Amino acid sequence: MIVTRSWLNEWIDLSDITTEDLAKTFNAIGLEVDRIHSYEIPKKIIVGKVLECEKHPDADKLNVCKVDIGTSIRQIVCGASNVREGLNVVVATIGAVMPNGTVIKPVKLRGVESEGMICSASEIGIEDCQSGIMELDKSVGKYKLGQEVCTLPTFADDLIEIELTANRGDCLSIRGVARDLSAAYDRPIKETNINEDEDKRVGIGRILSLSYENGLDVNLRYRAVDLKDLSLPFIVRLRLAQIEDSRETDIEALMLYVTHSSGVILRAYNYDFFCADNESMAKVELKKDDNGYASISSSKKASTVGIIQEDISKVTYAQGKVLLEASYIPPDIISKKMQESKIESGPMYYRTSRGSEPELNQGLNFCLNLIESNSKSSVFGGSIDLCDSYEDKIVTVTKKEIDEIIGAKINKVKITKILRNLGFGTTKSSSENFVISVPRFRHDISHKQDIVEEIVRLVGIDNIASKPFIFSESSKLEDDYFAYKKRSIYRHKAAHSGFFENVAFVFDEKKVLNGYGFNTTKEELELLNPIVNTFDTLRPTLMTGLLKAASQNIKNGISSVRLFEVGSVFNPTREESLKMAFLFSGDTQKENLANAGKPPKVDFNLFTQKISDVIGEFELRQYETSHSLSHVYQCAELLQNGEIIGELFRVHPSVEDSYGLEATYMCELDFVKLSYGLKVAKKSSKYQASFRDLSIIMPEAMSYEKVKAVIQASASEELIRFYPVDKYSDESLGENMSLSIRFVLQSFEKTLEEDNITSSMDAILESLNSELGIGLR
Amino acid sequence: METLLKEWYDKIKEAQSVDSLEDIRICVFGKKGVLATEFAKMKTAPNEEKSKIAKDLNTHKSSLMNEMTSRKITLQTQELKEAMKAEAIDVSMFSVSSEAGALHPVMETMDRIVEYFSAMNFAVKTGNMVEDDFNNFEALNLPKYHPARDMQDTFYFKDELLLRTHTSPVQIRTMMNNKPPIRMIAPGAVFRRDYDLTHTPMFHQVEGLLVDEEGKVSFANLKYILEDFLKYMFGEVEVRFRPSFFPFTEPSAEVDISCVFCKGKGCRVCSKTGWLEVLGCGIVDPNVFEAVKYKNVSGYAFGLGVERFAMLIHHIGDLRSLFEGDIKLLEQFQ
């Protein structure tokens, strides 16, 4: 919503208030200021009058004018096509520095002296509102010839653009904004009083009749005018340019101006459109159209009330009868209707749907007044109305409730003043009880909280002292908090272990995901309106996002890519679950002296080590993934405390290739399965531990998992740990290899003796031999 | 004897290594050393001279011992110095930067926000991203035809479910499942169908809600906690409340802080206004309480965008860079 000081001044006296203060007030009362623009018209640009205007002897397009500039008469050559005798114009005199930097000097134009320049709007730094030079008229206000333009409030104005919240349709007009200011500054609104000289006028009833269907929830009021010689006032042109809006015809421009000023939705209709052949009486019919909207028509549809006007019913002529319509539809009704069956809308729909001014007469009168004073038109007397009877909503609220919601004591007189200035009716049923009638233009007010909001914004939030909320209750550290905390702990561990946290959109590309064998959201549950094709489904995995980020980082010259993410993924039935994923690609360290500038690359061992730094001890089991991101022979499911919690693998070489990556390792885990909670310390033995290495000859193809299982099953309780430490194969071993396993034995009762150890080891060897057929070298 | 010992005094002084000093020690103090030989001579000395000789010898013994010790310390110090010199390195070649990873600034900011409200005894509540119309809109006083729905362009699914446009549905679900009093925050990802320089289709919010008996929760309470919170997050900033409009609160306000870049003087970031908008808040609208069937309660609510906080706190200029896993950006947060 754009307002200007001079425009506001027509509705409320702001002459003693600076624009800075005005902007501060706007912000304070909830009308957020988006932009302030001050028009600065240079000095020595003055008002003049064209006394004579003749064609330039040597140039077709130039005119030589004699211009009265108050103190003298100057000869000025002017190229504008609209320059003519009798016009009041804006003249840049000798020495004036124009906004574009040009200095006005006496010049000869094709041999003719010119002492100044007659200006167009853009030349003096205001909106381009009129083609050619500006034609000043009485709408500009009082001025004298020779007076500097920068002293005229119409020109030296300040423009303020306000960002309105969706509920404040009532502030979509100058009058509405002025009303809010009237409450903020506690000063009255200037209402225009129009004297209707009804007796001399032909009544509208003689030329128009209205028929209507009931129950259409619209308010309409018609007036008629016989249009003649309408000239659009300069100020209307200027202000429409300031609000960056325009209309094709003068009558429509005028109505737009009135709507922006008063908030009333206005339309002009071609009178003859409603007259059947050979009929002198216009018949306007209000009925439901095919979509159920209230519409105006004769033989054809003229408009959808408050939404859009058909071109065929528009006024395209400058002389003749015109029908003026003011309309109001309750905004909730029109918005709901639009939601149910959407139709094309016109420029006024926005105002209608946000809540326009319901006081139709006020806008119509303002409009007719403007027409009469700027043309030779004659207005028909009276009006034809179709208005519902509306009773103001009543909201009651007590002083105590107001104080409780705000948390401060607000003066009763102040409350009454604020509400009255905003247009509310207030009565007090008792000294502590307000009965408030809500004017129709404030459709957004229905509860006592709404009333409190009005008081809060006009008292000013900055004037309310802050108070702590006092509570007595138990701690709020409960399940979701622990889940958040767990997430936070694992994220910190991952970061400390060298991984960078990635945050990716939960959107991903269906085609790519399906290509890798991931199941995406079922078709019937799929996103209806994805923002781009590459984000057309919900991700079932974090891994593709990490690969993309890794690829981008490699392109950015990062040689060691270590990423992790904790985030939501979705299964085909769109159930959400939390995963934690890791990616490690490229160098394991930065280049430095110690690694001679050639840091080792990540391998399976280092990656598992890193993952274990984050999640603690785990086991890996040979595994085949359901997707094709993984290397076929370097792929494992990951178990913790016997439960499968995720997968860990090297990325398939062809996938690495397609993302431009070197050897890359990934791991994705079910976050809920990661342990969280208080650890229980294991009892540890005070006695010395013993170590034994066994080198077992076993087929290379045999999985260590089997060996492990046999050892676990046959081990004595003294065996507390065992792990492979060396692997060796050569030709002499053929299909076999030698695997050295280190055993750690310890007892809670004593230091183990050689005999105990040997018998433990023998038992293991025996089982390995009998169950797997393998044994010592 | 004097001359003989004088020679050893000189030898000790001139010894060039701990090893040669040890050789001297053996020659002087050893079983067959000079001193032992001299003491042995006493047997043959006249009795009246014996005590003087013994006295002289003992004096020499202890002063030789002192010489020995002090020379040893000097030599050891010297040798250690030389050994260290041999280990000299050029330290300027080693300027090590961390090999650690880092948390994402948005997540880290979210952690800080959660930390504050946990300390104020707000429960942390989370919910699903896929939501229904009732919890995301209807219950929040945003009926189907409400104009404010335009402000939140929504991702819909074919079965009419949607991706939550804010974390408010978590508040609705919490209220439906719990009795007042409620005091909670809902951190998490939210979605709007908007993708340009200053909008991403996914971003993060933290919303807060406090509900208690009617008449107990006031706007002044809301002001108090948000002022305190913003000072915790941004340091000593000025805080300004501007009345505004949200369908789910009434009265509503937007909260600005004095610009953290120009200290309120006016710069490009704050569009010359000196203020930065960081929060929306208000007293919970009665229609919201009606939707969750709460009676005789009062409450306040607030909401903020975590990306915006992170960008202001860490001076990050480009919103979209936050979603690219860009290690060049992330490693600055090691």
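Residue numbers start from 1 in every chain, and the chains themselves are labelled A, B, ... in the order their sequence lines are given, proteins ahead of strands. In this text, all values refer to a predicted model and were calculated from it rather than measured experimentally. Side-chain atoms are counted along with the backbone in the values below, which use heavy atoms only and exclude waters and symmetry mates.
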Contacting moiety of [X], where chain B heavy atoms sit under 4.5 Å:
X	value
A:T588	backbone
A:Q589	both
A:N553	side chain
A:F500	both
A:D332	both
A:L546	neither
A:V452	both
A:V33	neither
A:V561	both
A:A465	backbone

Chain A contact via [X] - side chain, backbone, both or neither, heavy atoms under 4.5 Å:
X	answer
B:L322	backbone
B:I185	neither
B:S244	both
B:L226	neither
B:F191	side chain
B:M184	neither
B:E160	neither

Please identify, among [options], the residue contributing the most non-hydrogen atom pairs under 4.5 Å to chain A.
options	result
B:P187, B:P251, B:S271, B:A189	B:P251
B:D111, B:N128, B:I283	B:D111
B:V106, B:D159, B:D285	B:D159
B:E250, B:Q334, B:M110, B:M202	B:E250
B:F157, B:F203, B:F219	B:F157
B:A123, B:A102, B:G215	B:A102

Which atom of [X] lies closest to which atom of [Y], heavy atoms considered:
X	Y	answer
A:V503	B:H204	CG1-CE1, 3.7 Å
A:P468	B:N221	O-ND2, 3.5 Å
B:V239	B:E227	CG1-CG, 4.0 Å

Under a 4.0 Å threshold between the charged nitrogen and the carboxylate oxygen, would [Y] count as salt-bridged to [X]?
X	Y	result
B:D256	B:R240	yes
B:R192	B:D194	no
A:E454	A:R457	yes
B:E99	A:K590	no
A:E453	A:K448	no
A:E163	A:R168	no
A:K400	A:E404	yes

So which of [options] has the largest heavy-atom pair count under 4.5 angstrom toward chain B?
options	value
A:I461, A:N502, A:I455	A:I461
A:Y481, A:F564, A:Y484	A:Y484
A:R35, A:Q552, A:R562, A:M338	A:R562
A:S446, A:G30, A:A494	A:G30
A:G407, A:A549, A:G498, A:A28	A:G498
A:L31, A:L563, A:I405	A:I405

Using the benzene-type ring in the case of Trp, are the ring centres of [X] and [Y] under 6.0 Å apart?
X	Y	result
A:F582	A:F499	yes
A:F505	A:F535	yes
B:F155	A:F507	yes

Return yes when atom [atom1] of [X] has more than 12 non-hydrogen atoms of other residues, nucleotides or ligands closer than 6.0 Å, and no otherwise.
X	atom1	value
A:K485	NZ	no
A:K336	NZ	no
B:K158	NZ	yes

Do the side chain of [X] and the main chain of [Y] share a donor and acceptor less than 3.5 angstrom apart?
X	Y	result
A:N463	A:V459	yes
A:E576	B:M129	yes
B:T167	B:V170	no

Between B:F302 and B:F117, does a ring-ring contact (aromatic ring centres under 6.0 Å, His included) hold up when you go through it step by step?
CA-CA 12 Å; B:F302 55 86; B:F117 287 104; 5.1 Å; yes
Sort by residue number and list every residue of residues 521-531 of chain A having at least one heavy atom under 4.5 Å from chain B.
A:E523, A:E524, A:L525, A:E526, A:L527, A:L528, A:N529, A:P530, A:I531
